[in-house]
Amino acid sequence: MRRAVVIACLATWALAGCSMPKPMSNVSAEDLAGTGWELQHWEQNNGAAYPLMPGGNGGPISIRFSRDGAANILSGSAGCNRYRGGYTLASGYLQVMPAATTRMACLSPERAKLEQDYLAVLANATTLTREVDPGRNVDTLTLASSAGDELLFVRVMNGEAPEPASVGNTVGQ
């Protein structure tokens, strides 16, 4: 009897402890290879929009996906500095490896905080969801983190992102 209770408790613990949220990624590393994206909107885990700051000593936050042999690479601009690292995307889950960054100083503390916060969300990313709206010619990618932040990127075509107003931008707000 005691053994049955112990087994039942362990089974319950294992099921509760091992449960993971349903995978939500709908894109593969092969689909992303060779694409570039620019951050247009950041919804924090509390539902508030994170203010994105244009200008300063940095450009827009961006992410680019590529392949180096069998390795999946992501790189881009974190606002003031460039970054590069590896990632895996399997069974609906995204895992970003620690990224190397350049070490330029941001000119404003707000810009430095934006960059630091972006890199933290990127490091804790769990899913990627891609949506294409051919009617508006907009291709978006939403990166969600384990903390609940969601970053909305718009695909950069020919080096130009679509007009921010067409995707719900919060730049400068």
Side-chain angles (χ1 to χ4, degrees), residues 14-50 52 58-103 114-162 164 166-171:
L15 288 173
C18 294
S19 65
M20 296 187 73
K22 182 179 175 185
M24 297 184 337
S25 294
N26 68 352
V27 65
S28 69
E30 292 78 21
D31 294 334
L32 291 172
T35 64
W37 307 80
E38 189 174 292
L39 182 62
Q40 295 293 310
H41 180 78
W42 180 336
E43 185 173 317
Q44 298 175 90
N45 61 6
N46 64 5
Y50 195 115
L52 304 178
I61 292 176
S62 65
I63 190 167
R64 179 163 179 78
F65 297 89
S66 59
R67 303 215 26 151
D68 186 0
N72 298 318
I73 306 296
L74 56 78
S75 59
S77 171
C80 302
N81 289 284
R82 309 273 318 147
Y83 64 91
R84 180 181 166 94
Y87 75 96
T88 60
L89 188 57
S91 301
Y93 293 100
L94 172 68
Q95 181 180 12
V96 176
M97 310 315 171
T101 63
T102 57
R103 297 184 180 261
L114 171 64
E115 180 172 274
Q116 179 182 13
D117 291 348
Y118 169 73
L119 291 171
V121 169
L122 187 63
N124 292 301
T126 56
T127 60
L128 285 171
T129 307
R130 186 175 184 178
E131 292 184 34
V132 179
D133 183 347
R136 294 185 334 169
N137 196 28
V138 175
D139 191 354
T140 61
L141 186 70
T142 302
L143 182 149
S145 76
S146 59
D149 288 67
E150 290 189 356
L151 307 179
L152 174 70
F153 292 87
V154 174
R155 186 164 181 189
V156 177
M157 304 286 192
N158 302 323
E160 298 279 329
S166 68
V167 292
N169 182 2
T170 60
V171 173

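Computed from a predicted model, the values in this text were never measured in an experiment. Atoms considered below: every heavy atom in the structure, side chains included; atoms not considered: hydrogens, waters and symmetry mates.
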How would you list, by chain and number, every residue that makes a side chain to side chain contact (heavy atoms under 4.5 Å, CB included) with [X], sequence neighbours excluded?
X	result
Ala99	Tyr83
Ala123	none
Ser66	Ile73
Ala70	none

message: Using the salt bridge (charged side-chain N to carboxylate O under 4.0 Å, His left out) criterion, which residues pair with Arg64? Sequence neighbours excluded.
response: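 Counting only residues at least two positions away or on another chain, Arg64 forms no salt bridge (charged side-chain N to carboxylate O under 4.0 Å, His left out).
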Side-chain contact, heavy-atom cut-off 4.5 Å: [X] with [Y]?
X	Y	result
Glu38	Val154	no
Leu74	Val96	yes
Leu119	Thr101	yes
Asn124	Asp149	no
Leu152	Leu39	no
His41	Glu150	no
Trp42	Leu114	yes

Pairing residues for [X] by the side chain to side chain donor-acceptor pair (under 3.5 Å) criterion, not counting sequence neighbours:
X	answer
Glu115	Asn81
Asp133	Arg136
Tyr87	none
Thr35	Trp37

Testing the basics here: between [X] and [Y], what is the closest heavy-atom pair and its distance to 0.1 Å?
X	Y	answer
Asp117	Tyr50	OD2-OH, 2.6 Å
Ala29	Leu89	N-CD2, 3.9 Å
Ser25	Gly92	OG-O, 3.0 Å
Ser77	Tyr118	O-CE2, 4.4 Å

message: If you apply the rule side chain to side chain contact (heavy atoms under 4.5 Å, CB included), what do you find for Leu94 with Thr127, and how did you get there?
response: CA-CA 5 Å; Leu94 172 68; Thr127 60; 5.6 Å; no
Working to the nearest 0.5 Å, report the span between [atom1] of [X] and [atom2] of [Y].
X	Y	atom1	atom2	result
Asn72	Gln95	CG	CD	11.5 Å
Thr142	Glu131	OG1	CD	6.0 Å
Leu151	Gln44	CG	CD	10.0 Å

- prompt: Tell me the salt bridge (charged side-chain N to carboxylate O under 4.0 Å, His left out) pairs involving residues 24-35, sequence neighbours left out?
  reply: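 Only Glu30-Arg67 qualify under salt bridge (charged side-chain N to carboxylate O under 4.0 Å, His left out).
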field: Pairwise salt bridge (charged side-chain N to carboxylate O under 4.0 Å, His left out) hits with a residue in residues 73-82, at least two apart
entry: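 The answer is none; no pair qualifies.
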task: Keeping to residues at least two apart or across chains, list the ring pair (Phe, Tyr, Trp, His ring centres under 6.0 Å) pairs with something in residues 135-157.
output: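 Output for this query is empty, none listed.
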task: Go through Leu141 and Leu143 one step at a time and tell me if the side chain to side chain contact (heavy atoms under 4.5 Å, CB included) criterion holds.
output: CA-CA 7 Å; Leu141 186 70; Leu143 182 149; 5.9 Å; no
Donor-acceptor contact below 3.5 Å, side chain Thr126 vs main chain Ala144: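 Flag set: sc Thr126 to bb Ala144 pair under 3.5 Å.
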